[in-house]
Participant: 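Pasting a structure here, questions to come.
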Amino acid sequence: MSGVRVVPVVLSGGSGTRLWPLSRSAHPKQYLALAGEATLFQQAVLRLAALGPAGVAVAAPSVVVNDEQRFTVLDQLRDAGIEPGRIVLEPVGRNTAPALTLAALDAAADGDDPVLVVTPADHAMVDVAACTRAIAHAVELAADGAIVVFGVRPDRPDTGFGYIRCDAAAPGLAAPVQAFVEKPDLATATAYVADEHYVWNSGMFVMRASAWLDALGEYRPDIDAATRAAWAARRDDPPFVRPDAAAFAAVPAESIDYAVMEPASRAGSGRRVTMVPLDAGWSDLGAWDAVWKFGPHDDAGNAVRGDAHVRDSRNTLVHATSRLVGVIGLDDVTVVETADAVLVAHRSCSPAVKELVGDLTRAGRAEASANRRVHRPWGWYESIDQGPRFQVKRIVVKPGARLSLQMHHHRAEHWVVVSGTAEVTNGDKVSMLSENQSTYIPLGQTHRLGNPGKVPLEIIEVQSGSYLGEDDIVRFDDSYGRD
């Protein structure tokens with residue numbers, strides 16, 4: 001593979017509503033540690049970085065993500081020890097085909113034609129070494145002009161996955177793709193499992209940038225033209241790249257499979273679409289049942305994470321995040337606890353969690369979309385307690401970060417430093433506070449909180465006033481480009 005340059009492309013979209021209450025639209029599943037200590041997003045990036053030691057010339061990763069999650073991505077890359085490459089910001093979600101087109105245009109902007117290794121940010125693998133070998137083989141095929149997909153041998157009939165029909169091939173060998181098949185009914189999925197021609201579609205792809213752009217231009221010229229228009233009017237804000245918002249809003253929403261893979265794999269298309277087997281313990285972790293299957297399990301088949309004690313139960317998932325959870329006498333049940341919500345469901349009902357989130361959204365419940373811990377570019381905060389005319393928050397500010405210079409019309413604030421050093425702007429006065437010191441911000445006073453130190457700053461904030469909503473804020477200056 002001498003001379004072949006590889007650009008990893010991580011598509012970090014999706015809301016993860018099927019994994020509520022742990023995953024919420026404001027902080028979806030790819031940024032959670034559901035299968036190990038690293039988050040799913042970090043695992044995806046690290047898997048692609050492993051191609052370097054395997055002898056592949058790998059560039060810094062290109063990430064396509066929603067604009068609102070840009071700093072989460074940046075933080076998670078740095079925490080994983082990965083130097084950020086290009087982070088392409090989608091003004092609005094338009095599914096995976098436009099997202100990949102943005103990444104391909106970016107990768108080919110200097111006239112190069114690298115091989116793109118495209119992966120969702122929210123999948124998990126048991127055997128990373130096997131995954132690396134499969135990707136390295138796919139890179140060889142893609143460098144020679146093929147469009148490569150990864151197929152997973154099905155071990156059960158599953159109506160939640162797309163399938164790929166291939167020419168029969170010896171186990172472990174690449175095979176030509178004959179068709180992409182969308183999510184089937186149970187009877188059809190059962191027949192597919194018994195047929196050696198069918199494999200699950202992993203959602204990972206490898207191809208040259210030119211191969212994608214050429215195929216998209218043929219099969220979906222509307223997506224191609226609209227995305228190119230948004231890209232041509234982009235704005236660079238290193239490491240971020242911002243396609244034009246108005247132009248990108250006009251791009252038709254479509255998936256990679258529907259836009260290109262299905263027509264490209266049809267007989268007579270003139271394109272070489274190849275399936276490389278992926279035998280690496282792959283899971284899309286698409287619902288709580290999939291998280292349970294991914295394990296690990298105790299002798300009774302229970303998968304337990306966090307501070308939980310389980311007795312006389314079988315094949316049950318218990319995920320505790322903020323308190324002790326006790327479970328007795330449950331079979332095939334999912335129990336997920338967070339600080340502000342608890343889910344209890346039969347494992348067979350895992351797909352219905354998305355419908356429950358829809359019910360909560362229609363009811364106007366904030367828990368449908370936001371966790372109690374809210375992530376911000378400068379760090380995070382969480383509500384500890386609240387009642388009529390008061391709210392208590394725990395606030396953590398990253399080293400070197402600061403909140404916006406702001407003012408509130410309806411509330412006053414008391415700050416107590418728990419640890420670290422705080423730089424406090426209070427009207428026209430700037431002061432430094434250390435552990436156990438406090439200050440008072442009167443209603444209507446211009447103020448700012450910053451962390452000039454090298455360790456996280458933690459404070460307790462007590463708000464009091466007639467209205468305590470997050471929209472009671474007037475920003476005068478912000479380091480992160482927020483209004």
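In this chain, numbering begins with 1 at the start of the sequence shown. Values in this document were obtained by computation on a predicted structure and should not be read as measured data.
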Participant: Would you say CG of D299 has more than 12 non-hydrogen atoms from neighbouring residues, nucleotides or ligands within 6.0 angstrom?
Facilitator: no

Participant: Aromatic contact between W282 and F161, with the criterion being ring centroids under 6.0 Å apart: yes or no?
Facilitator: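 Yes.
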
Participant: Excluding sequence neighbours, so at least two apart, what forms salt bridge (Lys or Arg N to Asp or Glu O under 4.0 Å) with R156?
Facilitator: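 Only D158 meet the salt bridge (Lys or Arg N to Asp or Glu O under 4.0 Å) criterion with R156.
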
Participant: Is R323 atom CZ crowded by more than 12 heavy atoms from other residues, nucleotides or ligands, each under 6.0 Å away?
Facilitator: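 For R323, atom CZ is crowded (more than 12 foreign heavy atoms under 6.0 Å).
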
Participant: After noting the C-alpha distance and the side-chain angles of S464 and R411, does the key distance pass the side chain to side chain contact (heavy atoms under 4.5 Å, CB included) rule?
Facilitator: CA-CA 5 Å; S464 60; R411 72 174 184 254; over 6 Å; no

Participant: Is it true that R220 and D224 have a side-chain N and a carboxylate O under 4.0 angstrom from each other?
Facilitator: no

Participant: Are R347 and W292 in a cation-pi contact, defined as NZ or CZ under 6.0 Å from the six-membered ring centre and within 45° of the axis?
Facilitator: yes

Participant: Is the ring pair H414/Y440 parallel, tilted or perpendicular, if the boundaries are 30 and 60 degrees?
Facilitator: tilted

Participant: Report yes or no: do D257 and S255 form a side-chain donor-acceptor pair below 3.5 Å?
Facilitator: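 No - no donor-acceptor pair under 3.5 Å links their side chains.
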
Participant: Has H410 got more than 12 heavy atoms of other residues, nucleotides or ligands less than 6.0 Å from its NE2?
Facilitator: yes

Participant: With distance as the sole test, does W380 use its side chain to make a donor-acceptor pair with the main-chain N or O of R394 at under 3.5 Å?
Facilitator: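 Flag not set: sc W380 to bb R394 has no pair under 3.5 Å.
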
Participant: Could you go through E435 and Q437, starting from their C-alpha distance and side-chain angles, then the distance that decides it, and tell me whether this counts as side-chain hydrogen bond (donor to acceptor under 3.5 Å, both in side chains)?
Facilitator: CA-CA 6 Å; E435 184 176 325; Q437 294 183 319; over 6 Å; no

Participant: Taking all non-hydrogen atoms of both residues, which atom of H408 and which atom of I473 are closest, and how far apart?
Facilitator: ND1-CA, 4.0 Å

Participant: Looking only at the aromatic ring of each residue, does the gap between the centers of H447 and W415 stay below 6.0 angstrom?
Facilitator: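 Between H447 and W415, which both carry aromatic rings, the centre distance is below 6.0 Å.
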
Participant: Quickly, which of V418, I459, I460 forms a side chain to side chain contact (heavy atoms under 4.5 Å, CB included) with I395? Name it, please.
Facilitator: I459

Participant: Going by atom types alone, do D385 and Q391 pair a side-chain donor with an acceptor below 3.5 Å?
Facilitator: no

Participant: Do the rings of H27 and Y31 sit parallel, tilted or perpendicular, given the 30° and 60° boundaries?
Facilitator: tilted

Participant: State whether the number of non-hydrogen atoms from other residues, nucleotides or ligands found under 6.0 Å of E37 atom CD is greater than 12.
Facilitator: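 No, the 6.0 Å shell around CD holds no more than 12 heavy atoms from other groups.
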
